[in-house]
Number of protein chains: 2
Amino acid sequence: MNTDCGHIQEHEETVERAKSNMASNFKIERMCRSFKAISEPSRLRIILALMEGEMCVYHIVEACGGTQSNISHQLRVLKDNNIIKSRRDGQNVLYSISDEHVSRIIDISREHLDC
Amino acid sequence: MNTDCGHIQEHEETVERAKSNMASNFKIERMCRSFKAISEPSRLRIILALMEGEMCVYHIVEACGGTQSNISHQLRVLKDNNIIKSRRDGQNVLYSISDEHVSRIIDISREHLDC
DNA sequence: TTAATATATTAATATCTATTCATATGTTCA
DNA sequence: TGAACATATGAATAGATATTAATATATTAA
């Protein structure tokens, strides 16, 4: 491998910009964890469901299918990554999308893939 | 588990909307694959680098670090998921972000996580 | 306080994924 | 044509992740 790709000048400049704008490892990993959280079908279903409104676990199970245990695991992952938030209401725990960035990202993706 | 969460009416309505707006399994999996593609540090680094401009493989390696082989594997994953595109130019292959949706999603995420 | 209900956690396993090393393919130029 | 270079691929393995079943915790109401 050498640099003689016939675009040395532009590419070297791009490399420099890329290096100086590159997020830190810490931030890269943080972003990745967020994207990974929404990268599994059962979790994405939960997000899409919650984009329709706040729900308790029982109703999330009803809307998304799957077992209570599995949904609960996925809710945990989503919450740990600040994708969703929860509040207790008596015996129930109500979940909702934690902030608008999430919905925007999902909407762009749906638009992009025509979903 | 039963439905008696004290929010039966609203939740049932939300469940109905969620079910009727829920993307098909096929589309859910397609979205998930896209998100998964951008969910690994080395791949996200490549995307961030290419957001600065088109580059050949050698320069991507220079910008992102890692081995040529690994970068090449990751480029493949990104390309298979239409995150990036490539064109051959002589001995080199030049990669770039495949469309603006990708950059928008990454930008929102950076803004969200303050990266 | 006990029973009933809703949700969360733990541990086990099966599956998936990233990374590495070795090698193959494709391109240019002598 | 063959040598040199740029990129891609295949196979192996180590590590991560999803799913399940069983059980624990938390809340309410009797």
Side-chain angles (χ1 to χ4, degrees), chain A residues 1-8 11 25 28-29 32-46 50 54-81 84-96, chain B residues 1-8 11 15 25 28-29 32-47 50 54-81 84-96:
Chain A
M1 264 200 311
N2 68 27
T3 63
D4 191 7
C5 64
H7 298 269
I8 304 179
H11 288 187
N25 287 348
I28 294 263
E29 272 159 31
C32 283
R33 275 198 301 278
S34 293
F35 283 123
K36 192 167 289 180
I38 63 180
S39 299
E40 286 302 319
S42 41
R43 290 198 292 267
L44 183 54
R45 262 187 215 98
I46 292 173
L50 292 178
E54 185 184 58
M55 277 185 284
C56 66
V57 176
Y58 173 82
H59 283 118
I60 296 171
V61 172
E62 199 174 275
C64 301
T67 63
Q68 181 271 323
S69 175
N70 193 25
I71 293 288
S72 187
H73 279 295
Q74 311 301 359
L75 287 169
R76 175 78 136 97
V77 174
L78 291 171
K79 197 180 170 195
D80 284 350
N81 286 282
I84 62 176
K85 59 188 198 288
S86 66
R87 64 187 180 97
R88 186 169 271 281
D89 179 35
Q91 263 174 304
N92 304 279
V93 176
L94 306 186
Y95 283 90
S96 56
Chain B
M1 267 200 309
N2 68 27
T3 63
D4 192 7
C5 63
H7 298 268
I8 305 180
H11 287 188
V15 168
N25 287 348
I28 294 263
E29 272 160 29
C32 283
R33 274 198 301 277
S34 293
F35 284 124
K36 191 167 290 179
I38 62 179
S39 299
E40 286 301 321
S42 40
R43 290 199 293 267
L44 182 55
R45 262 186 216 101
I46 292 173
I47 296 167
L50 291 177
E54 186 183 56
M55 276 186 284
C56 65
V57 176
Y58 173 80
H59 283 119
I60 296 171
V61 172
E62 199 174 276
C64 301
T67 64
Q68 181 272 322
S69 175
N70 192 26
I71 293 288
S72 188
H73 279 296
Q74 311 301 357
L75 288 169
R76 176 78 135 97
V77 173
L78 291 170
K79 197 181 169 193
D80 285 350
N81 285 282
I84 62 176
K85 59 187 198 289
S86 66
R87 64 187 179 96
R88 186 170 269 281
D89 179 34
Q91 263 175 303
N92 303 280
V93 177
L94 306 185
Y95 284 90
S96 56

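Side-chain atoms are counted along with the backbone in the values below, which use heavy atoms only and exclude waters and symmetry mates. Numbered from 1 within each chain, the chains take letters A, B, ... in sequence-line order.
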Quick one: A/I60 CD1 to C/dA6 P, roughly how many Å, whole number?
14 Å

Rounded interatomic separation in angstrom, taking OH from A/Y58 and P from C/dT5:
13 Å

Is there a donor and acceptor pair, one atom on the side chain of B/Q68 and one on the base of D/dA8, closer than 3.5 Å?
yes

Between D/dT9 and B/S72, is there an OP1 or OP2 to side-chain N/O distance shorter than 4.0 Å?
no

DNA chain D nearest-nucleotide lookup for A/N70 and A/D89: closer to the 5′ end is A/N70

Calculate the interatomic distance between A/H59 atom NE2 and C/dT5 atom P; express it in whole Å.
16 Å

Closest to side chain of A/R43, choosing from C/dA18, D/dA18, D/dT20
D/dA18

Assigned partner base of D/dA30, Watson-Crick or wobble definition, under 3.5 Å
C/dT1

Closest-nucleotide mapping onto DNA chain C: is B/V77 or A/V93 further toward the 5' terminus? I mean the 5' end.
A/V93

Rounded to whole Å, how long is the line connecting atom CG of B/D80 with atom C1' of C/dT17?
15 Å

For A/R87 and D/dT27, give me the distance from atom CZ to atom P, rounded to whole Å.
15 Å

Distance-only donor-acceptor test (3.5 Å): side chain A/S69, base C/dT9:
yes

Tell me if the side-chain of A/H73 makes a donor-acceptor pair with the base of C/dT10, cut-off 3.5 Å, by modelled atom types.
yes

Between A/G90 and A/S42, the residue closer to the 5' end of DNA chain D by nearest nucleotide is A/S42

Ignoring hydrogens and angles, are the base of C/dT28 and the side chain of B/Q91 linked by a donor-acceptor pair under 3.5 Å?
no

Verify, without hydrogens or angle tests, whether B/S39 (side chain) and A/K36 (backbone) share a donor-acceptor contact under 3.5 angstrom.
yes

B/V57 side chain reached by B/N92 side chain, heavy atoms, under 4.5 Å:
no

If every non-hydrogen atom of A/M55 is compared with every non-hydrogen atom of B/V15, which pair is closest and at what distance?
SD-CG2, 3.6 Å

Counting just side-chain N and O atoms, does A/R76 come under 4.0 Å of either OP1 or OP2 of C/dT9?
yes

Between B/R88 and C/dG26, is there a contact of a side-chain N or O with OP1 or OP2 at under 4.0 Å?
no

To the nearest Å, give me how far apart CG (B/L75) and P (C/dA18) are.
14 Å

To the nearest 0.5 Å, atom OG of B/S42 lies from atom CD1 of B/I71 at 6.5 Å

Spell out, as yes or no, whether a donor-acceptor pair under 3.5 Å connects the side chain of B/N70 to the backbone of B/G66.
no

Can you tell me if A/N92 touches the phosphate of C/dA6, counting only side-chain N or O atoms and a distance under 4.0 Å to OP1 or OP2?
no

Can you check the A/I71 CD1 to D/dA21 C1' distance for me, whole Å?
16 Å

Can you tell me if the side-chain N/O atoms of B/Y95 get under 4.0 Å from OP1 or OP2 in D/dA6?
no

